[in-house]
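Per chain, numbering begins at 1; letters A, B, ... match sequence-line order.
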Amino acid sequence: RQATVQRKEKDFEGMLEYHKEDEALLIRMLITEMKPQMVSATVPCLPAYILFMCIRHADYINDDQKVHSLLTSTINAIKKLLKKNSEDFEMTSFWLANTSRLLHCLKQYSGEETFMTQNSPKQNEHCLKNFDLAEYRQVLSDLGIQIYQQLIRIAENMMQPMIVSAMLESGSLTGVKPLGYRNRSSSVDCDSGGPSGYTLDALIKQLSQFHTQMSEHGLDPEISQQVVRQLFYSINAVSLNNLLLRKDVCSWSTGMQLRYNITQMEEWLRGRNLHLKHIMSTIEPLIQAAQLLQVKKKTIQDAEAICSMCNILSTQQIVKILNLYTPLNEFEERVTVSFIRDIQNLLQGRTENAQLLVDTKHTFPVLFPYTPSALSLETMHIPASLNLDFLGRV
Amino acid sequence: RLLPRPRVLLKAPTLAEMEEMNLFEDEDSP
């Protein structure tokens, strides 16, 4: 067996030295020309750690201009890159992960006690010595929010053509043959008629792809959870709005299909270990609408049951769905005017939102909870393939 | 053991101020 000589790591202090004139090259290699695949086999968020180790060295030699310059160039390069890749989910997710990790590093190694509670003694030794970068932390946090918003916008645009078809039109239960994964984009207009051909499987596949990429990039699970929650909100809003405007989907069988689809999405969340209740609550109005389509709508007892069941839907929404409700065959009756009046009477005095349609543009505020890393900077290995051999390990 | 020196706050422009400085304009674009 060949003996391998381990290079002594004990002298490495987890800093990276570079000449000021190499800053542009560093930014080019690490940000501008970086592709997520180039670091997929390394520790997640390697670019963020490398940048931080460079900042540490500039701090160590007490060169404030070098720290300023590196941080400004970094923020500048990330902004430009995002502008260039404004429709690219993978790139946006990758830089959200790295920006947030760089922000965590600036906190973890700030020397401020509140951020040091989980640090190892070695990590505490690695804290910044000369500079307080609190103001740059604020800039990075603002940048993170911008990147998050871009990520949500991209994901929503990609899902938009799928939602109505997958949730309301294609059905594995109703005997409608799923049409598979065809490329059409027109589900937003409510009177377009026929399905655009996306199945629930396609929508779930898309969600899986988003979630897998975020995990692979090392995005904090708390943040990817917020992305999924926002996307579920969007699925709820678009589906419910279509239901509130289209007679052809207000039927018992769509209600049954919808309920089944929502169960599948719930299963998906469970399979991905995502916070179920928190995310499912965004889709609750759609669950209630599906139940409303399925329950009996005849007696005063039915009316009372509907009123207690549909506590998130507004009176206006409940009444609208009942008015649009279309019997599937001659055995089923239309909802009578007096039944709808009963519902209106029962719901009188309920304080609620007066709007019929759900705001599809609403976004939940994003939070970036502090997530320190257990990783030790002195163990960081930089692959030769990154062409960063001008960085000196210190 | 020496007490660490207090760190010097590095002033940074806000992201909005950086935008105003046209820092993020792409030189490549026309």
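- Inspection of non-hydrogen atoms places A/A134, A/E135, A/Y136, A/V139, A/D142, A/L143 of residues 134-143 of chain A under 4.5 Å from chain B.
- Relative ring orientation between A/H57 and A/Y60 is described as tilted, the plane-to-plane angle lying within the 30° to 60° band.
- With respect to chain A, the highest number of heavy-atom pairs below 4.5 Å among B/K11, B/E19, B/M18 belongs to B/K11.
- Looking only at side-chain heavy atoms (C-beta outward), A/F390 and A/H19 stay at 4.5 Å or farther from each other.
- The side-chain heavy atoms of A/M15 and A/D59, taken from C-beta on, include no pair separated by under 4.5 Å.
- Heavy atoms of A/I75 lying under 4.5 Å from chain B belong to its backbone as well as its side chain.
- Contact annotation: the side chain of A/T371 never approaches that of A/I223 to less than 4.5 Å [non-hydrogen atoms, C-beta and beyond].
- Of residues 96-109 of chain A, no residue lies under 4.5 Å from chain B by any heavy-atom pair.
- Inter-residue side-chain proximity for A/L81 and A/W95 is flagged as met; some heavy-atom pair is nearer than 4.5 Å.
- With a 4.5 Å cut-off on side-chain heavy atoms, A/V39 and A/F94 count as touching.
- Under the rule for a side chain to side chain donor-acceptor pair (under 3.5 Å), the partners of A/T92 that lie at least two apart in sequence or sit in another chain are A/Q150.
- Residues satisfying the ring-ring contact (aromatic ring centres under 6.0 Å, His included) test with A/F89, not counting sequence neighbours, are A/F210.
- Inter-residue side-chain proximity for A/I50 and A/L391 is flagged as met; some heavy-atom pair is nearer than 4.5 Å.
- Geometrically, A/R393 engages A/F12 in a cation-pi contact, judged by NZ or CZ lying under 6.0 Å from the ring centre and within 45° of the ring axis.
- Counting heavy atoms from C-beta on, the side chains of A/P369 and A/D220 never come closer than 4.5 Å.
- When heavy atoms are compared at a cutoff of 4.5 Å, B/E17 does not approach chain A at all.
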